[in-house]
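A quick write-up on the structure given underneath.
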Amino acid sequence: MKIILMGPPGAGKGTQGNWISNYLNIPKVSSGDLFREHQNNHTELGKLASSYMQKGKLVPDKITVAMVMEWIENNKHAKGFVLDGYPRTLTQAEALDLSLTNNGLGNLDKAINVDVPTDVLISRLSGRLVCSNCSQIYNIKYAPPQNDNVCDTCKEQLYLRDDDKKEAIQKRIEVYFESTIPLISYYEATNILVQIDGSNSIDVVTNQLKNILSN
Ligand code: AMP
């Protein structure tokens, strides 16, 4: 199974992507996590990406495509993959198709779009906390950690992402509508698009996914 997870920021792609990865036993990568890893390691790519990420803008296609295609190349012997947050532009989608062909990996199996109304996204993102070690996602209101600011799983500190601050949230949602929404028709045309309602609780969304993946 080669799956991409699309949807606005705060739709729950990270949480559901982790679930799919465990359920199907395939690796998952989030392009946002790859950029954050570069930032933490103070690489040139990380420094370059930071200036875009802090403002809620997309990192330019050239940089993003190279980084994610390297990940695909390194994981091409797995049974499949889940991509969370990639592609976000038509150029990225076309680059992915080309890379799959060049690596003899065939076509994508499913493009899952997780749809959530904007007011719900804003409320989710404003209360989001992320583990600095394992990237587990919490929410002050909807999915709080057992102990304040500490990850339930690895006991490391939780933090508020720079781009989960108010102005950046607005920009990220705008960018999603401008650049990523056109991908819905791109994948509809190849009959692999699946739309799910991400406004429900985590368990309800997971159940929808389970049904889709069992078919
Ligand atoms: P995310 O963790 O998916 O919300 O991504 C955080 C930030 O990383 C985004 O707001 C962008 O600045 C950058 N980013 C992540 N994925 C991509 C992508 N596919 N294309 C361009 N920028 C990206």
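Indexing begins at 1, ligand by ligand and atom by atom, following the structure's order. All residue numbers in this chain count up from 1 along the given sequence.
For ligand 1, the polar-atom distance check finds no N/O of Asp33 at less than 3.5 Å from any of the ligand's N/O atoms. An N or O contact shorter than 3.5 Å links Arg36 to ligand 1 by distance. Note: an N/O pair closer than 3.5 Å links Val59 and ligand 1 by distance alone. Backbone and side-chain nitrogen or oxygen atoms of Arg88 are examined, and one is located within less than 3.5 angstrom of a nitrogen or oxygen of ligand 1. Note: no N/O pair closer than 3.5 Å links Tyr52 and ligand 1 by distance alone. Polar contact with ligand 1: present for Gly85 (N/O pair, distance under 3.5 Å).
The protein heavy atom nearest to atom 20 (N) of ligand 1 is Gln92 NE2, 2.9 Å. In this structure, the protein non-hydrogen atom closest to atom 23 (C) of ligand 1 is Phe35 CE1, 3.7 Å. Closest to atom 8 (O) of ligand 1, if we only count protein heavy atoms, is Met53 CE, 3.5 Å.
Counting heavy atoms closer than 4.0 Å to ligand 1, residue Thr89 contributes nothing at all. Of all the heavy atoms of Lys57, the ones lying under 4.0 Å from any atom of ligand 1 belong exclusively to the backbone.
Ser99 places none of its side-chain heavy atoms less than 4.5 Å from the side chain of Asn102. Between Gln136 and Asp152, the closest side-chain pair of non-hydrogen atoms is not below 4.5 Å.
If you check the side chains of Gln39 and Ser50, you find a donor sitting under 3.5 Å from an acceptor. There is no side-chain donor-acceptor pair under 3.5 Å between Tyr23 and Thr206. Asn149 and Tyr138 form no side-chain donor-acceptor contact under 3.5 Å, judged by distance and modelled atom types alone. A donor atom on one side chain and an acceptor atom on the other are not found under 3.5 Å apart for Asp203 and Ser201.
Near Thr64, the atoms of ligand 1 lying under 4.0 angstrom from a non-hydrogen atom of the residue are 18 (C), 19 (N), 20 (N), 21 (C). Interface atoms of ligand 1 facing Ser31, defined by a heavy-atom separation under 4.0 Å, are 15 (C), 16 (N), 17 (C), 19 (N). Near Gly32, with a cut-off below 4.0 Å to any heavy atom, the atoms of ligand 1 are 2 (O), 5 (O), 15 (C), 16 (N).
Within the 3.5 Å criterion, the main-chain N or O of Leu105 finds no donor-acceptor partner in the side chain of Asn103. Judged by distance alone, the side chain of Arg88 and the main-chain N or O of Ser179 form no donor-acceptor pair under 3.5 Å. For the pair Arg124 (side chain) and Gly10 (backbone), a donor-acceptor distance under 3.5 Å is present.
Between Asp162 and Arg36, no side-chain nitrogen of the basic residue sits less than 4.0 Å from a carboxylate oxygen of the acidic one, so the salt-bridge criterion is not met.
Distances from ligand 1 to the non-hydrogen atoms of Arg161 include at least one value under 4.0 Å.
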